[in-house]
Novice: 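Let me begin by handing over the structure; questions about it come next.
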There are 2 protein chains.
Amino acid sequence: MKNLTKRQEEILNLIKSHILDLGFPPTRADISRSLGFKSPNAAEQHLRAIEKKGFIKILSGASRGIVLNDSENDQIPVIGLVAAGGPILAEENIEKTIPRSNNLLSSDIDYYLRVKGDSMVDIGIFEEDLIGVSKSANTKVGSVVVARINNEVTVKTLIEMSQNKVVLRPENRKYDDIIVNPQVEELAIEGSCIALLRESI
Amino acid sequence: MKNLTKRQEEILNLIKSHILDLGFPPTRADISRSLGFKSPNAAEQHLRAIEKKGFIKILSGASRGIVLNDSENDQIPVIGLVAAGGPILAEENIEKTIPRSNNLLSSDIDYYLRVKGDSMVDIGIFEEDLIGVSKSANTKVGSVVVARINNEVTVKTLIEMSQNKVVLRPENRKYDDIIVNPQVEELAIEGSCIALLRESI
DNA sequence: CAATATACTGTATATAATTACAGTAATTAT
DNA sequence: ATAATTACTGTAATTATATACAGTATATTG
């Protein structure tokens, strides 16, 4: 899917907000009015270009027949087992995607991670739960983080983080703290866990 | 808001599913075609009636200008503290509402209940969590239910249910089973817990 | 350097769609 | 019992909308 030009993106956003506001797409005239075009054909040609790039579909003969091809942008990926090596969000790790629901949970969630194991049960994170992960939320001591240690992805509480010592705590009395020297072992904090979904009880 | 007739409801559903399918409302002709009307005016008059009853708004002059007046049906109530006495879904118990997001969690959820106390921590249900409750899902032994005992609402696991003995188990070793004789005490199973949301970790 | 893409104006037209008017008939409310 | 509501057919006119065709101008790509 090719990139849109600035103007084309403007028009796509206009379409989206029109739908959000009123519940149906704009006409060529609506678009022209909004953006100051003096000819409906300006809108028409932009629509054709946007369609050609795969972002919308124009239904011929139907008024307001603009169908959004929902991009992956509106979908939040659910990550199942993370294959060793590659990045978490690699195609092969995506179990499914779920539509981004504006207000239900924080809009900061970049992906959901399906929990494996029982290392976090003491704070109510169970196997098969989906954890909402934000890549941008700042990870401070005390927060639950998604960490990658030597290519293995894990969810733990961040207890200490300094130049040569990082402590990750499983929230389960059965397990011991994980102490890592990031200068010796490969360590990356992938994000913070900010929400939780359990699809069945 | 008055009730719709059977036919009017049929038309409203048609509008909704048209929007869901294509992203924009149907025309009078679309409706007529779908329901076998031979005149677009049949659809027109139904629309006017549905508008009069407050379910939609018709924007004059705009093609496909049917705006759904989102009824409470599209919002799932979040129930905070349940006042003793009244029904769970009473207005005063509704903390907020969140938009029903089709696929995120089961569409069977009738309301969310905010968990108070620690009686279910052993199965990962913590204070302040939101539990998705279905009124219709069948409550069988072993399922987590919302029960009301003598006007107090509680979430527990249903262990046994017979004519004169109902056992409800808190999932926390600290607490004992609750044994109720429904013929002596007032008991109602309000619904089953089928999902869980945690808005912050 | 030619071809293609971008970004429009301007005009015109076929058709899509709303919407008014004139009826019929059965059911429901007052 | 009478008015209002429901549930349509049928026709027609106005307006809304898509869309084709003919241009202009600039930027980008092969």
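Letters A, B, ... are given to chains in the order of the sequence lines, protein chains preceding strands, and every chain is numbered from 1.
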Novice: State whether B:Arg28 places a side-chain N or O below 4.0 Å from either non-bridging phosphate oxygen (OP1 or OP2) of C:dA17.
Specialist: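 Negative; the distance criterion is not met.
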Novice: Under 4.0 Å, heavy atoms only, any strand: does B:Ala42 hit a base, just the sugar-phosphate, or nothing?
Specialist: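 Answer is base: heavy atoms of B:Ala42 come under 4.0 Å of a base.
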Novice: Any carboxylate oxygen within less than 4.0 angstrom of a Lys/Arg side-chain nitrogen, looking at B:Glu199 and B:Arg114?
Specialist: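 Answer for the salt bridge query: yes.
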Novice: Using a cut-off of less than 4.0 Å, is there contact between a side-chain N or O of A:Arg64 and OP1 or OP2 of D:dA16?
Specialist: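 Looking at the OP1 and OP2 atoms of D:dA16, neither is under 4.0 Å from any side-chain N or O of A:Arg64.
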Novice: Tell me: CZ of A:Arg48 to C1' of C:dT4, nearest whole Å?
Specialist: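 The distance from CZ of A:Arg48 to C1' of C:dT4 comes to 19 Å, rounded to the nearest Å.
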Novice: Give the rounded distance in Å between these two atoms: CG of B:Leu35 and P of D:dT6.
Specialist: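 Whole-Å distance recorded here is 17 Å.
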Novice: Between P on C:dA17 and CZ on A:Phe24, what's the gap in Å once rounded to a whole number?
Specialist: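 Result: 13 Å.
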Novice: Check this one for me: any side-chain N or O of B:His46 less than 4.0 Å away from OP1 or OP2 of D:dC8?
Specialist: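 Checking D:dC8 against B:His46, a side-chain N or O does come within under 4.0 Å of OP1 or OP2.
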Novice: Under 4.0 Å from OP1 or OP2 of D:dT6: is there any side-chain N or O of B:Lys53 that close?
Specialist: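 B:Lys53 to D:dT6 OP1/OP2: side-chain N or O found under 4.0 Å.
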Novice: Indicate yes or no: at least one non-hydrogen side-chain atom of A:Val146 is less than 4.5 angstrom from one of A:Tyr111.
Specialist: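 A:Val146 reaches A:Tyr111 side chain to side chain.
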Novice: Can we say A:Arg48 and A:Glu44 salt-bridge, meaning some charged N sits less than 4.0 Å from an Asp/Glu carboxylate O?
Specialist: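 Salt bridge present between A:Arg48 and A:Glu44.
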Novice: Does CD belonging to B:Gln163 count more than 12 external heavy atoms closer than 6.0 Å?
Specialist: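 No, the 6.0 Å shell around CD holds no more than 12 heavy atoms from other groups.
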Novice: In whole Å, I'd like the distance from the CG atom of A:Leu47 to the P atom of D:dA20.
Specialist: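 Atom CG in A:Leu47 sits about 13 Å away from atom P in D:dA20.
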Novice: Of B:Ser63 and B:Thr5, whose closest DNA chain D nucleotide lies nearer the 5' terminus?
Specialist: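 Nearest nucleotide further toward 5': that of B:Thr5.
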Novice: Check this one for me: any side-chain N or O of A:Ser39 less than 4.0 Å away from OP1 or OP2 of C:dC8?
Specialist: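 False: A:Ser39 side-chain N/O out of range (4.0 Å or more) of C:dC8 OP1/OP2.
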Novice: Should A:Arg198 and B:Asp129 count as an ion pair when the cut-off is N to O under 4.0 Å?
Specialist: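 No, A:Arg198 and B:Asp129 are not salt-bridged.
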Novice: Show me the dot-bracket string of DNA chain C, counting Watson-Crick or G-U pairs under 3.5 Å, with | for pairs to another strand and [ ] for crossing ones.
Specialist: ||||||||||||||||||||||||||||||
Novice: In whole angstroms, how far is the C1' atom of C:dA20 from the CD1 atom of B:Ile58?
Specialist: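 Those two atoms, CD1 and C1', are 14 Å apart.
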Novice: Quick check: closest heavy atoms across B:Leu168 and B:Ala147, and the distance to 0.1 Å?
Specialist: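 Answer, listing the atom of B:Leu168 first, then B:Ala147: CD1-CB, 3.9 Å.
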Novice: D:dT5 P sits how many Å from B:Ile11 CD1, rounded?
Specialist: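 Interatomic distance, CD1 of B:Ile11 to P of D:dT5: 17 Å.
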Novice: The test is salt bridge (Lys or Arg N to Asp or Glu O under 4.0 Å); show your working for A:Lys116 and A:Glu128 and say whether it passes.
Specialist: CA-CA 6 Å; A:Lys116 299 296 167 198; A:Glu128 293 299 308; 3.2 Å; yes
Novice: Is it the case that more than 12 heavy atoms not belonging to B:Gln183 sit under 6.0 Å from its CD atom?
Specialist: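 Counting neighbours around CD of B:Gln183, more than 12 heavy atoms of other residues, nucleotides or ligands fall under 6.0 Å, so yes.
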Novice: Look at the side chain of B:Thr27 and decide which nucleotide, out of C:dT18, D:dT19, C:dT9, has an atom nearest to it.
Specialist: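 Minimum distance to the B:Thr27 side chain belongs to C:dT18.
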Novice: OP1 or OP2 of C:dT6 versus the side-chain N and O atoms of A:Arg7: is any pair under 4.0 Å?
Specialist: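 Checking C:dT6 against A:Arg7, no side-chain N or O comes under 4.0 Å of OP1 or OP2.
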Novice: Rounded off to whole Å, could you give me the NZ-to-C1' distance for the B:Lys52 and D:dA4 pair?
Specialist: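 Those two atoms, NZ and C1', are 9 Å apart.
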Novice: Classify the side chain of B:Asn41 and the base of D:dT9 as holding, or not holding, a donor-acceptor pair under 3.5 Å.
Specialist: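 Check passes, donor-acceptor contact within cut-off.
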Novice: Starting the side chain at C-beta, find the nucleotide from D:dC8, C:dT19, C:dC8 nearest to A:Gln45.
Specialist: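 The answer is C:dC8, which lies nearest to the side chain.
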Novice: Taking atom C1' of C:dA17 as reference, at what distance in whole Å does atom CZ of B:Phe37 sit?
Specialist: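 That distance rounds to 17 Å.
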